[in-house]
Amino acid sequence: MKILHTSDWHIGKQLYTKKRYDEFSQFLDWMAETVKSQKIDILLISGDIFDTTTPSNRAGELYYNFLHKVANDSSCRHIVITAGNHDSPSFLEAPKEILKFLNIHIVANIDDIESEVLKLSVNDEEIIICAVPYLRDRDLRESVLGESIEDKEQKLIYAISKHYQSVAEYAKDLQRNNEPIIAMGHMFVRGDSSKIGDGVRELYVGSLAHVGVDIFDECFDYVALGHLHIPQKVGGKENIRYSGSPLAMGFGEAKQQKSVVILDFNDKMEITKLDIPKFQHLKQIKGDLNKIEKQLKELKELGQSTWVEVEYNGKEVVGNLSAIIDDIIKDSKIEILRIKSKTYKHKTLKQTKANESLEELDVYEVFDKCLEYYDVEDTQKDGLKALYKEVVTNIQEDDKRAE
Ligand SMILES: [Mn+2]
């Protein structure tokens, strides 16, 4: 039996104002082809299928076409999809009953343990999948007025580990012939190899509990995690992994080799990583004017279609930076998606370039500007930023589709 583990597709994700449907479409074709050529029996997608709780029609179309293609034209017997923190549980679950006919199993809510634990058969073999979606604080426990952030986090960690324990017990009860058990999850699990600066951590983890790798029962042969975008094992364990996102979700991820995990259950489980091709070159260029010019010229020589983010950090103020850059990249396949300037940022709250708009700033940058505007003391900034992050996360998690 062969299983493919992937996560964090974020279909519909834009880079600044640039839409990426071509890339998503090429990736989904690659994925459908891989499922077929690798003779995958079960496909596991551990959350964050879509980038927002209200995906566009185009994003939805890509997703359903993919599901149809795999269900219709491959050896794949089952697809198991769980919701991540970016997904709308009600949007994912709306077609649940009809998708069941195609052996596509959607778990986005934690109604009861029974619906999270699936016993799937492939030919004459069986396997148990504990399809645990992203666990929201409000789904797990009642909040208590006046509790501190630390209190809240401690209780959440306890509730998450209790949930995984009940799922494990239920799975063990279902076991008849020592069938393998796989758990899925979408969360931040503390281990040694998680790197700071993987993008996700700073953006979303602020208000997510950091559970330890010990919450997973020994009965799990493999834990298929989603949420972090860098492929990695957790706590040095071969069988507890983040598959990582298939596309670079920001310029910070441009250098990473993206991959999926393939599990082959014969006598014992074999784990391999399969690299995903890059469908669009992204490049982050940083430095003073000289460095930026040099790197852009080198990139132009390569002649590849490349999307670029430029970060100017020279000392002197260059008023016509974007004109200089436009001149260098003239007649090339380079597109500049954004020019950031550290130099200006700290000097003024005015627009850093003429066409900078609120749309191009992310919500955190707007808040930073606000803190500067009101001359907030440095000592207060971190606390305020943490609270702000929590508010933003709660808004992102609000299920706009539910009603
Ligand atoms: Mn996530």
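Note that ligands are numbered from 1 as they come in the structure, with each ligand's atoms numbered from 1 the same way.
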**Prompt:** Once rounded to 10 degrees, what value does the angle at the Mn ion (ligand 1) take between NE2 (H186) and ND1 (H227)?
**Reply:** 80°
**Request:** Go through the side-chain N and O atoms of Q280 and E23 and say whether any donor and acceptor fall under 3.5 Å apart.
**Result:** no
**Asked** Charged N to carboxylate O under 4.0 angstrom, K385 versus D382?
**Response** no
**Asked** Of the backbone and side-chain N, O or S atoms of Y134, does one lie nearer to the Mn ion (ligand 1) than 2.8 Å?
**Response** no
**Prompt:** Taking atom types as modelled and ignoring hydrogens, do the side chains of H186 and N85 form a donor-acceptor contact shorter than 3.5 angstrom?
**Reply:** yes
**Prompt:** Going by an N to O cut-off under 4.0 Å, is there a salt bridge joining K13 and E253?
**Reply:** no
**Fill in**
To the Mn ion (ligand 1), the closest N, O or S atom belonging to D48 is OD2
